[in-house]
Amino acid sequence: NDSPVPLSDAFIRRFSARGYMEDFLNARASISRSFEFHDFTNSVAADITNKWTILASSTATTWAVLAESGGWARGVTGASLATGAVGLHQITKFWDGTYGAGFASRIRLSAVTNIRLEQGFVDVAPAVGTFAVNVASAAFNSVTTGAVYVFDNGVAASSTIQRLYTVGVSTAIQNVLTTTNPYLSAASLFVAMEIDGTTAKLWLGDPAGGPNAVIHTAFAATESWLPWFQAKTQSGSKNVDVDFLATWTLSRP
C-alpha cells in the first residue's frame, strides 16, 4: 500500500471512477484504520499470489489477469459440480471483531445460471469445491466461526438463494435473507462485508441506503478469520471476473 494515510482522493481516483463504490471505500479510509486495495493491473504473481492463496479444481482454469481496462482477474470454472470451482483466500488469519474487519469486491459473471458464489470471513477456508454453507441444513462445512454471503442460482436448490450466514464458536448459526441487487449475467456486483465487534453487516450494490443484511451477536469479537471467496458451477463453464478486492480494519491497537 503506497498511499498516504489517510487515503487521498487522488490516490483512490487513479484506479478509475467507481461512483458509490469509491465513496464507500473512501469513507472507510482513515488514519486509524489499516486499508489495502488489491487491483489486477500487473501480473498474477504481483497482484494475487503474494497476498492470496488461489484455488482451482481439476477442470477449472486458475486466475489470470485480463488485458482489459481497469484491471481485472479471471478464473474460469469447470463445467461439472464435482470439479468446477475457483476461489481464493487471504494467506494469514489475522482479522477479528475487536479491531473490526472489512472485505469488499466487485465481481462479474458471464452467466448466473447454475452457479454459486460465497464470500466473507471464515476461520478455516474449505477445500476448493466445498461449500462453506450447507443451505439445506443451515450448517457450515469446515467453518467453526465466520460470516459468509451466499448467492446460489440452481446449484443447491431450484430457486435462487441469497442470504448472509454467520456462526460463532459458541454462537448458533443465523441467517438473513437478502433480495436486493442480485448478480446478473455479464454485469458486475459490488459486495462488501464489515464486522464490528460481534455484528456482521452486508452491502450489495449501491451501499448508500445502508446495509442489506445485519446480524447482531453473530460471534465473539475475539474470534479470528481470513477473507475468502469461491465460485462453483453445476453445469456449463462460467467466467468469474474480479475487478478488485479491498480489505480493512476499523481501528488499530
Side-chain angles (χ1 to χ4, degrees), residues 52-57 60 62-63 73 75-78 81-90 93 95 101-109 111-157 159-168 173-183 188-195 200-205 212-213 215 218-219 225-234 238-242 245-247:
W52 304 86
T53 296
I54 58 176
L55 308 167
S57 53
T62 196
W63 302 98
V76 183
T77 69
L81 184 62
T83 61
V86 291
L88 50 81
H89 62 81
Q90 211 160 55
K93 185 176 74 173
W95 303 90
F103 180 31
S105 70
R106 185 185 182 204
I107 293 172
R108 178 181 63 196
L109 305 174
V112 296
T113 54
N114 297 313
I115 192 166
R116 176 166 177 169
L117 290 91
E118 296 180 318
Q119 175 181 326
F121 290 96
V122 294
D123 63 328
V124 177
V128 61
T130 300
F131 297 137
V133 179
N134 183 329
V135 295
S137 60
F140 276 78
N141 300 318
S142 307
V143 177
T144 303
T145 177
V148 175
Y149 169 60
V150 175
F151 172 84
D152 190 311
N153 184 306
V155 176
S159 59
T160 300
I161 297 167
Q162 300 173 79
R163 288 184 179 271
L164 170 64
Y165 290 81
T166 64
V167 67
I173 293 172
Q174 302 178 68
N175 69 84
V176 174
L177 176 68
T178 66
T179 57
T180 305
N181 297 307
Y183 285 95
S188 60
L189 178 67
F190 176 69
V191 177
M193 183 178 295
E194 194 168 79
I195 296 173
K201 300 178 181 180
L202 175 73
W203 289 262
L204 303 171
N212 300 99
I215 298 179
F219 23 63
W225 318 282
L226 47 82
W228 176 80
F229 165 80
Q230 180 174 253
K232 186 175 183 180
T233 51
Q234 184 178 49
K238 312 291 194 304
N239 296 334
V240 182
D241 299 339
V242 180
L245 303 170
T247 54

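Numbering starts at 1 and runs along the sequence shown.
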- Task: Mind running side-chain contact (heavy atoms from CB on, under 4.5 Å) on Val240 and Trp63 for me, showing each step along the way?
- Result: CA-CA 9 Å; Val240 182; Trp63 302 98; 4.0 Å; yes
- Query: Between Val150 and Phe131, is a side-chain contact (heavy atoms from CB on, under 4.5 Å) present by the stated rule, with each step listed?
  - Reply: CA-CA 10 Å; Val150 175; Phe131 297 137; over 6 Å; no
- Assess whether side-chain contact (heavy atoms from CB on, under 4.5 Å) is satisfied between Phe229 and Ile107, documenting all intermediate values. CA-CA 11 Å; Phe229 165 80; Ile107 293 172; 3.2 Å; yes
- Item | Full working for side-chain contact (heavy atoms from CB on, under 4.5 Å) between Thr233 and Asn114 | CA-CA 6 Å; Thr233 51; Asn114 297 313; 5.7 Å; no
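Atoms CG and CD, on Asn175 and Gln162 in that order, are 13.0 Å from each other to the nearest 0.5 Å. Here Leu117 contributes atom CG and Leu109 contributes atom CG; the two are 5.0 Å apart, rounded to the nearest 0.5 Å. Remark: Ile115 CD1 to Asn153 CG distance equals 9.0 Å, nearest 0.5 Å. Taking CD from Gln174 and CD1 from Ile215, the interatomic distance works out to 5.5 Å, rounded to the nearest 0.5 Å. One distance of note links CG of Leu204 with OG1 of Thr179; it measures 9.5 Å at 0.5 Å rounding. The CG atom of Leu164 sits 10.5 Å away from atom CG of Leu177, with the distance rounded to the nearest 0.5 Å.
With contacts defined as side-chain heavy-atom distances shorter than 4.5 Å, the pair Pro126/Phe140 does not qualify. Here the side chains of Phe103 and Gln90 are not in contact, with every heavy-atom distance at 4.5 Å or above. When side chains are defined from C-beta on, Val143 counts as touching Asp123, because their heavy atoms get closer than 4.5 Å.
By the 30° and 60° cut-offs, the orientation of the rings of Phe121 relative to Trp225 is tilted.
Of all heavy-atom pairs between Gln234 and Gly154, the closest is OE1-O, 2.6 Å. Of all the heavy atoms in Val135 and Ile161, the pair that sits closest is CG2-CD1, 3.6 Å. Minimum interatomic distance between Ala147 and Thr166 (heavy atoms only, all atoms of both residues): CB-CG2, 3.8 Å. Across all their heavy atoms, Phe219 and Ile195 have their closest contact at CE1-CG2, 3.6 Å. Among all heavy-atom pairs drawn from Gln119 and Met193, the shortest one is O-CE, 3.7 Å. The shortest heavy-atom contact between His89 and Ala125 is CD2-CB, 3.4 Å.
For the salt bridge (charged side-chain N to carboxylate O under 4.0 Å, His left out) condition, the pairs that include at least one residue of residues 138-154, sequence neighbours left out, are Arg116-Asp152.
Scanning for ring-ring contact (aromatic ring centres under 6.0 Å, His included) contacts around Tyr183 gives Phe151, with sequence neighbours left out. Contacts of Phe190 classified as ring-ring contact (aromatic ring centres under 6.0 Å, His included), with partners at least two apart in sequence or in another chain: Phe24.
In this structure, the side chain of Thr77 engages the main chain of Lys238 through a donor-acceptor pair within 3.5 Å. Counting only distance, with no hydrogens or angles, the side chain of Glu118 and the backbone of Val133 share a donor-acceptor pair below 3.5 Å. Under a 3.5 Å cut-off, the side chain of Asn212 and the backbone N or O of Thr178 do not form any donor-acceptor pair. A donor-acceptor contact shorter than 3.5 Å links the side chain of Ser57 to the backbone of Ala85.
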